[in-house]
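Inspection log for the structure reproduced underneath, given as structure tokens.
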Amino acid sequence: MKIKKTWLISFSPTGTSRSVVNALVSGLRGIPFENIDLTSPGMVPARQFDPDELVIIGVPVYAGRVAPLAVKRLGILRGNNTPAVIVVTYGNRAFEDALIELRDIALQAAFRPIAACTFIGEHSFSGPETPIAAGRPDSGDLATAEAFGMKISEKLAALDDPETAHCPEVPGNSPYKKGMGPLPFAPVLLESACTQCAACLPVCPTSAISLGTTIEVDHTLCIFCCACIKVCPEDALIIDADPIKQIRQWLFEHCTERKEPELYL
Ligand SMILES: Cc1cc2nc3c(=O)[nH]c(=O)nc-3n(C[C@H](O)[C@H](O)[C@H](O)COP(=O)(O)O)c2cc1C
């Protein structure tokens with residue numbers, strides 16, 4: 001079947017899921033594509049996709065599930081038997097039930113998952129002293145994603161109708177493991193280091209950061225994605241909450257063995 005357009009749909013506070021989705025589409029040579037970025041809090045209009053379009057959906061894993069805000073924001077998109085490639089990116093610990101959950105979300109929204117994959121992205125809690133999957137996805141990961149994109153275009157070319165497409169089995173349990181609820185803390189500002197450049201404001205997916213007399217982070221809105229920490233040129237936003245510091249240390253000590261992308265076609 002001929003695909004008239006590919007839509008790259010991502011929720012990606014620290015950019016790793018978006019990199020993978022971009023690499024996948026570069027393997028689908030010759031098909032025009034457009035981005036739908038669900039990361040920023042601005043309104044993305046609800047829309048339905050056609051059967052001769054392709055969507056590539058990329059989201060991060062939070063606590064072994066699809067990041068809850070990604071689930072919510074994906075809710076405005078619907079397919080019409082539209083082929084879909086589903087991608088979860090995780091920080092080298094585990095993706096657990098996130099891929100099967102994303103498959104179910106896609107199916108419930110009338111998409112037809114024809115390919116699925118998991119990739120590793122630098123962990124949101126990674127830092128210079130406690131690197132966790134630092135630099136991932138790297139050039140090898142992106143080459144794997146591009147090659148998988150080529151395989152997907154071959155699968156699409158051999159298809160007459162998305163309804164007849166094989167929907168690959170993916171790992172994970174149903175019912176899913178318990179996901180994460182709201183966290184009672186947020187990154188903390190080192191006022192002496194902050195220059196109030198405000199680089200952290202636009203990257204926050206929930207508009208939890210504001211600039212008054214100083215930078216303020218509203219912990220009731222914060223999802224602890226760490227986008228603000230990673231973008232700050234002065235390292236003025238830090239992880240200070242003990243439970244997150246303990247998780248970061250545990251990840252640094254236990255998640256060092258390199259995991260590799262998994263591809264399902
Ligand atoms: C709150 C939170 C929970 C996370 N849970 C997991 C997890 O269960 N397993 C894992 O390997 N990585 C986990 N991560 C790491 C992210 O999945 C990883 O950094 C991902 O690459 C981020 O995607 P993004 O760059 O598209 O935002 C978590 C990150 C955050 C912020």
Side-chain angles (χ1 to χ4, degrees), residues 8-24 35-41 56-74 86-102 117-127 130-138 141-142 145 171-173 176-187 203-206 208 217 219 221-231 237-239 241 243-262:
L8 307 187
I9 301 166
S10 60
F11 173 84
S12 186
T14 59
T16 60
S17 308
R18 193 176 308 112
S19 308
V20 173
V21 160
N22 285 338
L24 271 166
N35 282 290
I36 298 181
D37 191 345
L38 301 174
T39 317
S40 50
I56 305 181
I57 306 174
V59 295
V61 175
Y62 284 7
R65 300 275 303 273
V66 177
L69 192 55
V71 176
K72 186 168 172 220
R73 294 201 176 154
L74 283 168
I86 53 167
V87 187
V88 299
T89 309
Y90 68 104
N92 207 53
R93 185 188 69 79
F95 63 89
E96 293 170 300
D97 300 336
L99 191 61
I100 198 167
E101 182 183 10
L102 186 59
C117 51
T118 65
F119 276 81
I120 292 80
E122 175 162 335
H123 201 291
S124 320
F125 302 162
S126 171
T130 48
I132 308 150
R136 307 283 302 272
D138 58 17
D141 296 317
L142 298 177
N173 296 304
Y176 318 128
K177 69 170 291 229
K178 190 172 168 342
M180 58 177 268
L183 298 172
F185 27 67
V203 301
C204 177
T206 60
V217 189
H219 75 83
L221 295 175
C222 177
I223 58 166
F224 230 106
C225 69
C226 300
C228 57
I229 295 178
K230 300 219 174 201
V231 81
L237 283 154
I238 58 160
I239 294 178
I244 304 280
K245 286 204 299 204
Q246 281 158 17
I247 294 171
R248 179 178 62 187
Q249 188 60 31
W250 185 89
L251 291 165
F252 173 62
E253 285 167 15
H254 295 92
C255 299
T256 46
E257 196 177 322
R258 182 185 170 93
K259 298 204 161 71
E260 295 296 341
E262 293 179 26

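When a ligand or atom number is given, it counts from 1 through the structure's own listing order. Computed from a predicted structure; not experimentally measured. Side-chain atoms are counted along with the backbone in the values below, which use heavy atoms only and exclude waters and symmetry mates.
- Within ligand 1, the atoms closer than 4.0 Å to a non-hydrogen atom of Glu122 are 18 (C), 19 (O), 21 (O), numbered from 1 in the order shown.
- The protein atom (non-hydrogen) at minimum distance from atom 27 (O) of ligand 1 is Thr14 N, 2.9 Å.
- Less than 4.0 angstrom separates some heavy atom of Gly64 from each of these atoms of ligand 1: 7 (C), 8 (O).
- Under the 30°/60° scheme for interplanar angles, the aromatic rings of Phe125 and His123 are found to be tilted.
- Remark: Lys177 NZ is packed, more than 12 non-hydrogen atoms of other residues, nucleotides or ligands lying under 6.0 Å away.
- By the 3.5 Å distance cut-off applied to N or O atoms, Val61 is counted among the residues near ligand 1.
- Checked against a 3.5 angstrom limit, the closest N/O atoms of Ala63 and ligand 1 fall inside it.
- Between Phe125 and ligand 1, a contact under 3.5 Å exists for no N or O pair.
- One finds the CG atom of Leu38 at 11.5 Å from the OG atom of Ser17 (value rounded to the nearest 0.5 Å).
- Of the possible polar contacts, none joining the Ser10 side chain to the Arg18 backbone as a donor-acceptor pair under 3.5 Å is found.
- With a 4.0 Å heavy-atom cut-off, ligand 1 is reached by no atom of Ala227.
- Here is the list of ligand 1 atoms found below 4.0 Å of a heavy atom in Met180: 1 (C).
- Side chain of Glu122 to main chain of Arg136: no donor-acceptor pair is present (N/O by atom type, distance under 3.5 Å, no hydrogens or angles).
- Remark: the backbone N or O of Phe252 is not paired with any side-chain donor or acceptor of Thr256 at under 3.5 angstrom.
- Looking at Arg258 and Glu260, a side-chain N of the basic residue comes within less than 4.0 Å of a carboxylate O on the acidic one, giving a salt bridge.
- The main-chain N or O of Ala133 is never found under 3.5 Å from a side-chain atom of Asn92 such that the two would form a donor-acceptor pair.
- From the protein, the heavy atom lying nearest to atom 3 (C) of ligand 1 is Tyr62 CA, 3.5 Å.
- Electrostatic pairing of Arg93 and Glu96 counts as a salt bridge here, judged by a charged N lying under 4.0 Å from a carboxylate O.
- Shortest contact from atom 9 (N) of ligand 1 to any protein heavy atom: Ala94 O, 2.9 Å.
- The backbone of Asn92, and not its side chain, has at least one atom closer than 4.0 Å to an atom of ligand 1 (non-hydrogen atoms only; backbone = N, CA, C, O).
- Considering backbone and side-chain atoms alike, His123 places an N or O below 3.5 Å from some N or O of ligand 1.
- Under the 3.5 Å distance criterion, the side-chain polar atoms of Asp141 are matched with a main-chain donor or acceptor of Asp138.
- A salt bridge is absent between Asp37 and Arg73: the closest approach of a Lys/Arg side-chain nitrogen to an acidic carboxylate oxygen does not fall below 4.0 angstrom.
- Polar contact check, Pro13 against ligand 1: a nitrogen or oxygen pair lies under 3.5 Å apart.
- Of the heavy atoms in Arg18, none comes closer than 4.0 Å to ligand 1.
- A donor-acceptor pair is defined here as one N or O able to donate and one able to accept, closer than 3.5 Å; such a pair exists between the side chain of Glu101 and the backbone of Val66.
- In terms of N/O distances under 3.5 Å, ligand 1 is approached by Ser12.
- Only backbone heavy atoms of Phe224 (N, CA, C or O) come within less than 4.0 Å of ligand 1; its side chain stays farther off.
- Not a single heavy atom of Arg136 sits closer than 4.0 Å to an atom of ligand 1.
- Contact annotation: for Ser17 versus ligand 1, heavy atoms closer than 4.0 Å belong to both the backbone and the side chain.
- Geometrically, ligand 1 and Gly15 share a nitrogen or oxygen pair separated by less than 3.5 Å.
- For Cys225, no nitrogen or oxygen atom sits less than 3.5 Å from a nitrogen or oxygen atom of ligand 1, counting backbone and side chain alike.
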